[in-house]
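In what follows, a single structure is set out as structure tokens and then discussed.
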Amino acid sequence: MKKYEFSKIESRWQKKWLKDGIYEPDLKKAKNPFYNLMMFPYPSAEGLHVGNMYAFTGSDIYGRFKRMNGYDVFEPIGLDGFGIHSENYAMKIGTHPIKQSKISEKRFYKQLEILGNGFAWNEHVETYDAEYYKWTQWLFVQMWKRGLAYRKKQSVNWCPSCKTVLADEQVIASKCERCSSVAPKKDLEQWFFRITDYADRLLHNLENLDWSERVKIAQKNWIGKSEGAEINFAVSDFPQVIKVFTTRPDTLYGATYVVLAPEHELVQKLKTKILNFGEVKKYIDLTVKKTEEERAMGSKEKTGVELKGVLAINPASGDGIPIYISDYVLSGYGTGAIMAVPAHDERDFAFAKKFKIPIKVVIDGGGLKPGEAQTESFAGEGTLVNSEKFNGMKSADAMWEIVKLVGGERKIQFRIRDWLVSRQRYWSPPIPMIFCEECAFGGIGEQKGMPGWFAVPEKELPIILPNVKEFRPEGTGESPLASVKSFHSAKCPRCGSVARRETDVSDTFLDSAWYFLRYPSATNKKVAWDDAITKKWLPVNEYIGGAEHSVLHLLYSRFITMVLSDIGIINFEEPFTKFRAHGLLIKDGAKMSKSKGNVVNPDEYIKRFGADTLRTYLMFLAPFEQGGDFRDAGMLGITRFLDRVWRLGQRVIEKEKVAKDESRERILHQTIKKVTSDIENLQYNTAISSLMVLLNKVEEKGLSRKEFEVLIKLIAPFAPHITEELWYELGNKKSIHISKWPTFEHSKTVEDTFELVVQINGKFKSRITVPVGISEADAKVEAMKNSTVSGILNGKEIKKTIFVEDRLINFVL
RNA sequence: GCCUGAGUGGCGGAACUGGUAUACGCGCACGACUCAAAAUCGUGUAGGUAAAUCCUGUGUGGGUUCGAGUCCCACCUCAGGCACCA
């Protein structure tokens, strides 16, 4: 009997697959295209870890399954190698990123090769390749032309450790997503993309996407739509009004004060009228100094200052009410001003208590009665009181009536803000823009409100990232490129004067926001993507990746795709028809991380156990979408399983005689059914377990050649090498991975008899073997024959009988 | 605080639409093979017990139902996301 030598088998087949190109679909002519995509990795120089492999394997199994089901599967691979992460690493070890990227690339690709995935290597893509980022820059230009890219001075997140600005999406609980440093706000002029223009569509389209629910919810929360009204509050002896946004206009009569964000422009305008402006100014200065973290995390204790000498007029009641400034009102949301209803908002309540502002109950509900001393606020809806002619109305009915009365306006607010895309770093595509002082002086520019700014003409792209020695960020608010004269001096595309090239680079998330468009056209150097090929292959059929990108990559990609669709250069507006988030692979109960020292490198495991065993183990340990704990011990079960498959295979190859057996045929068909639906639903763990059940049942008596071929086909997506070896040894001439997936016949999965459960008062008592489809009456008779059952029932009156067809009979006494 | 998930043997995890709880694997115990060990194969393995077709048992406490891991209510714990968003 031949021995199972996995290392020889695996490397041999990997070479052969590559040579035969069985994973390269004909991108132009494929009849049945299926785009199977996994989020491309950023090549950390520590190399691929088993968490990456977990995700890739899960995606690959689905791809192999689809391929065997007759699809032309395209499963590309590439590297998201630009960006801070790679750059930080390069700095740490003192190698230039250009050099380091080549080293990492080699290492990563080598590791990816030994996993046994069905990658289409011909279409590989690296974001730091000029052939790629040429088009990233081109994309920026398209955004600019469409008026969706703009520059603006604004309070933005600044990471002092990464020495660059960050998008809101890259700040988690006021900390930098990469390095966890506290990222305070800083006023800087930066490039933004108008993602807010697409907020409503990004939200609305979610409904029809076949995506993991948790990711959809995360996006929904991030976009944060709230419907309400904008209402004007007049200011005493002053021409300008205070605009406030509220979702609860039904509580308007309860608004006993107004709060402005400290940055609100009206504060300065009212300067001369405010009696205590010195105090006010002190508070504003203090607020500005506070970092965002202190503002958010610091004690929830409310602070603020009243603007003495001015009053706002409640437009419903006509009462004059005080105006405060407080940092609990954010300048970046709504109008930067609120009407405060202490009786019906927790925050306003706390503030009013502290500053002894009247609390007026206007909604009767939650056990709160008007007139009583208030100990807490009630934020629910209810019946209006103290609201003049609206008394007695329900919140929902009164709401818009009140808005109408005071001349307010329905308004929708979003939480999401524009995408900040510029970075003061080195290792990214330079933003392809030029600023001309001459033209700026003359008020001339390509876009409204942005004099002097011009896009680099498309034929001049790419703007190559120069190989500079000093690539470290300086922390001056400028990119390291700013000190490279040969780079930043440019000619104005319009007037030809000496101009200055933009020296900031773009966010890495721009690189990855469109890579799926590039893959199928990756070999074409003339266009970003080929129209015919794109029509054929996109949108992506199955996308798998980490849930941590819920509001980063996945949102940005959707946005960019929508824009491209609006421009008319692609014919779909959602990039990923189906998306599934894989679970997280943990080790010893904790997320794998270098600092904890629990990172598992797949290489050694592949050496020891083989890629097939590791792949199958990873998929067996827990549901793929849930993730689980990686343990060495578990590997043994899979080793045994594949060994047994191998040995059974040798018996088949040696032409062991096997008698025909109907029950064996039945379990085979049942397993085909189970494995097929489990793989379709990414429930790989149960698919593998049912294959083990099958093997346990058939191992002793053996299988016919045909039956064994079915078995290894079912295992092939999980363990591609061993099954391929057995397949060829059986005399097949073409790869098992392009063979046809087994089908089952329903009639062959069903049994003639089954074990009918007999319950008494809902408790299991016995089971009896009866024919499938047995009638209630017959079942009753059969059950009575059972000694246990008849013993208990003896002489007792049966009040009721419950019969579930082909399952159970229950006697109620 | 709010929004998602999730709590099942010694461990990872199964369980269709409410219908035999613990599939499959690990571990453990015993047995076979062997001079012996490893590997392999076989048997057993929720607890109460020596044993059962007895009793108890799916985070806790209630409820609905002939019947609840599954549905409802309240709570506890853990993981993830959002967090003064008006």
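Only a predicted model underlies this, so the values are computations on that prediction, with no experimental measurement involved. Just so it is clear: chains get the letters A, B, ... in the order the sequence lines come, proteins before strands, and each one is counted from 1.
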If pairing requires Watson-Crick or G-U wobble contacts with both distances under 3.5 Å, which nucleotide is the partner of B/rC16?
none

Between B/rC84 and A/Lys302, counting only base atoms on the nucleotide and side-chain atoms on the residue, is there a donor-acceptor pair under 3.5 Å?
yes

Distance, rounded to the nearest Å, where A/Phe624 contributes CZ and B/rA14 contributes P:
15 Å

Could you check whether A/Asp345 and A/Ser377, counting side-chain N and O atoms only, form a donor-acceptor pair closer than 3.5 Å?
no

Across all strands, who's sitting opposite B/rA52 as a Watson-Crick or G-U wobble pair, both distances under 3.5 Å?
none

Within the structure, does a side-chain N or O atom of A/Asn685 lie under 4.0 Å from either OP1 or OP2 of B/rA23?
no

Nucleotide paired to B/rG9 in any strand shown, Watson-Crick or G-U, under 3.5 Å:
none

Between the side-chain atoms of A/Arg214 and the base atoms of B/rU4, is any donor-acceptor pair under 3.5 Å?
no

With hydrogens left out and only the distance checked, is there a donor-acceptor pair under 3.5 Å joining A/Arg807's side chain and the base of B/rC16?
yes

Among B/rC66, B/rG25, B/rA86, find the nucleotide with the atom closest to the side chain of A/Met692.
B/rG25

Given that A/Arg248 and A/Arg415 both sit by RNA chain B, which one's nearest nucleotide is further toward the 5' end?
A/Arg415

Using a 4.0 Å heavy-atom cut-off across all strands, classify A/Asp643 as base, sugar-phosphate, or nothing.
nothing

Would you call the rings of A/Tyr54 and A/Phe624 parallel, tilted or perpendicular, where under 30° means parallel and over 60° means perpendicular?
tilted

Please state the C1' separation for the pair B/rG48 and B/rA23 - nearest whole angstrom.
24 Å

Just to be sure I understand the rule, does A/Lys763 reach a base, reach only the sugar-phosphate, or reach nothing, if contact means heavy atoms closer than 4.0 Å?
sugar-phosphate

